[in-house]
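Each chain gets a letter, A, B and so on, in the order its sequence line appears, and its residues count up from 1.
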2 protein chains.
Amino acid sequence: MKRDSRLSGVLHILLHMAQQPGPFTSETLAKAMDTNPVVIRRIMAGLRELGYVRSEKGHGGGWTLACDLSKVTLRHVYVALGSPALLAMGNRTEAPGCLVEQAVNAALDQAFHDAEAVLLSRLGEVTLKMLGDDLRERLGSRKLQGMRAHGA
Amino acid sequence: MKRDSRLSGVLHILLHMAQQPGPFTSETLAKAMDTNPVVIRRIMAGLRELGYVRSEKGHGGGWTLACDLSKVTLRHVYVALGSPALLAMGNRTEAPGCLVEQAVNAALDQAFHDAEAVLLSRLGEVTLKMLGDDLRERLGSRKLQGMRAHGA
DNA sequence: CAGATATGTAACATACAAAGTTACATGAAA
DNA sequence: TTTCATGTAACTTTGTATGTTACATATCTG
């Protein structure tokens with residue numbers, strides 16, 4: 001199965017936007033992500049509907065953050081994407097008549113459900129602000145490294 | 001992403017086999033699973049290599065269980081399949097130079113890792129014997145229902 | 001108002017992996 | 001030696017994420 005990287009992608013975009021005031025055009029964001037503007041609009045559509053970002057057309061238009069970054073978690077972003085499937089595996093048949101299949105499904109569903117719950121829970125613990133803070137820390141340490149490299 | 005149902009499928013096969021002495025031809029198993037014999041051979045190949053099942057060619061040949069069902073867990077079966085990806089989501093870039101991407105990956109990797117650990121752990125807690133016992137219970141209650149339906 | 005710039009979105013192309021199918025080689029039993 | 005079964009390569013089908021093109025729509029500027 002091909003892996004879904006939309007959550008990773010949209011977080012990348014949001015974090016970029018959080019580093020400086022907008023607005024950002026889909027074109028600009030697409031270049032930073034090495035992809036196509038339409039892809040950007042596609043994955044941002046859900047976030048716009050939920051009010052996490054705004055988009056403006058025409059001159060000076062583009063995308064702007066429109067939420068409190070300390071209130072929005074990765075889970076919120078995931079839901080904004082349409083809550084795509086979390087697990088790469090699933091049952092062969094969802095509502096089987098076969099008792100064998102039912103026994104298999106029961107065992108797997110338990111494991112699947114627990115894993116999904118943990119994943120959603122972890123995503124719910126991390127806010128966009130925390131991500132931004134982490135990024136600024138990384139930027140800071142890089143700056144220090146650069147200073148050291150230059151003998152400062 | 002299309003969901004991988006190989007684990008579900010192979011468990012179905014093993015459970016069928018555990019209900020009566022073999023051997024079972026790929027053709028028989030394929031019919032029970034409403035699929036193709038080659039698909040059966042494909043997903044059983046890994047289990048044969050690890051010694052969980054045996055296969056014999058020619059007249060009277062087919063597949064036979066060759067392990068202690070109380071010792072083999074769903075996790076063992078999963079590994080025998082080649083440990084396919086568990087999560088449907090992943091990072092856009094695995095070893096990014098971009099610090100933004102690194103920050104995003106760090107947060108997601110944590111969540112992904114935890115979810116995978118839980119899933120593997122749950123799979124490791126269930127043996128094929130437990131699955132078989134559960135199935136026999138389901139068969140038993142169906143038999144009782146049938147008896148009731150016939151007024152017994 | 002006209003032209004430039006952006007998003008919105010449908011439609012189509014591409015890439016990739018699971019699942020299904022076909023064909024044939026190999027080996028074992030009758 | 002014929003039949004039955006697995007082993008496996010090669011190809012087709014299918015589903016989904018991703019990439020691309022085309023064009024409608026809205027907004028700012030001159």
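Toward the 5' end of DNA chain C, the nearer of the two residues A:Gly61 and A:Ala45, judged by each one's closest nucleotide, is A:Gly61.
Candidate nucleotides C:dT21, C:dA30, D:dT20 were compared by shortest atom distance to the side chain of B:His59, and C:dA30 ranks first. Side-chain proximity of A:Val39 to C:dT21, D:dA17, D:dT20: nearest is D:dT20. The side chain of B:Lys57 lies closest to D:dG7 when the candidates are D:dT20, D:dG7, D:dT25.
Between B:Ser5 and C:dA19 there is a side-chain polar atom (N or O) within less than 4.0 angstrom of OP1 or OP2. For A:Ser55 and C:dG8, the shortest distance from a side-chain N or O to OP1 or OP2 is below 4.0 Å. Applying the 4.0 Å criterion to OP1 and OP2 of D:dT18, one finds that A:Thr35 has every side-chain N and O outside that range. Phosphate contact (OP1/OP2 of C:dT9, side-chain N/O of A:Arg48, threshold under 4.0 Å): present. Phosphate proximity of C:dA18 to B:Arg6: present, with a side-chain N or O under 4.0 Å from OP1 or OP2. Residue B:Ser26 places at least one side-chain N or O under 4.0 Å from the OP1 or OP2 atom of D:dT6. Contact between the side-chain N/O atoms of B:Arg41 and the OP1/OP2 oxygens of D:dT6 is found at a separation under 4.0 Å. Side-chain N/O atoms of B:Arg3 include none lying less than 4.0 angstrom from OP1 or OP2 on D:dG15.
Between the C1' atom of C:dT7 and the CH2 atom of A:Trp63 lies a distance of 7 Å, rounded to the nearest Å. We find that CG of A:Leu87 is positioned 16 Å from C1' of D:dT16, with the value rounded to whole Å. One atom, CG of A:Leu7, and another, C1' of D:dT16, lie 17 Å apart when rounded to the nearest Å. Atom-to-atom, CE of A:Met33 to P of D:dT20 comes out at 13 Å; the value is rounded to the nearest Å. Between B:Phe24 atom CZ and D:dT6 atom C1' the separation is 16 Å, expressed in whole Å. Taking atom CG on A:Asp34 and atom C1' on D:dT20, their separation rounds to 14 Å, with Å as the unit. B:Met89 has its CE atom 10 Å from the P atom of D:dT18, to the nearest Å. One can place CD of A:Glu56 at 13 Å from P of D:dT29, the figure rounded to the nearest angstrom.
Using a 4.5 Å heavy-atom threshold, the side chains of B:Leu119 and B:Leu87 count as separate. Here the side chains of A:Ile13 and A:Ile43 are in contact, with some heavy-atom distance below 4.5 Å.
B:Tyr78 places a side-chain N or O within donor-acceptor distance of the main-chain N or O of B:Pro84, the cut-off being under 3.5 Å. Checked by atom type and distance alone, the side chain of A:His113 never pairs as donor or acceptor with a backbone atom of A:Gln110 at under 3.5 Å.
The side-chain hydrogen bond (donor to acceptor under 3.5 Å, both in side chains) test applied to B:Arg136 returns B:Asp133, not counting sequence neighbours.
Looking at every heavy atom in both residues, A:Gly61 comes nearest to A:Thr25 through O-CG2, 4.0 Å. Across all non-hydrogen atoms, the minimal contact from B:Leu123 to A:Ala111 is CD2-CB, 4.0 Å.
Axis angle, first five pairs versus last five pairs of the helix from C:dC1-D:dG30 to C:dA30-D:dT1: 10°, rounded to 10°.
To the nearest 0.5 angstrom, A:Met44 atom CE is 10.0 Å from A:Phe24 atom CZ.
On a pure distance criterion of 3.5 Å, a polar donor-acceptor pair joins the side chain of A:Arg42 and the base of D:dG19.
At a threshold of 4.0 angstrom between heavy atoms, the contacts of B:Gly62 are confined to the sugar-phosphate backbone, with no base atom among them.
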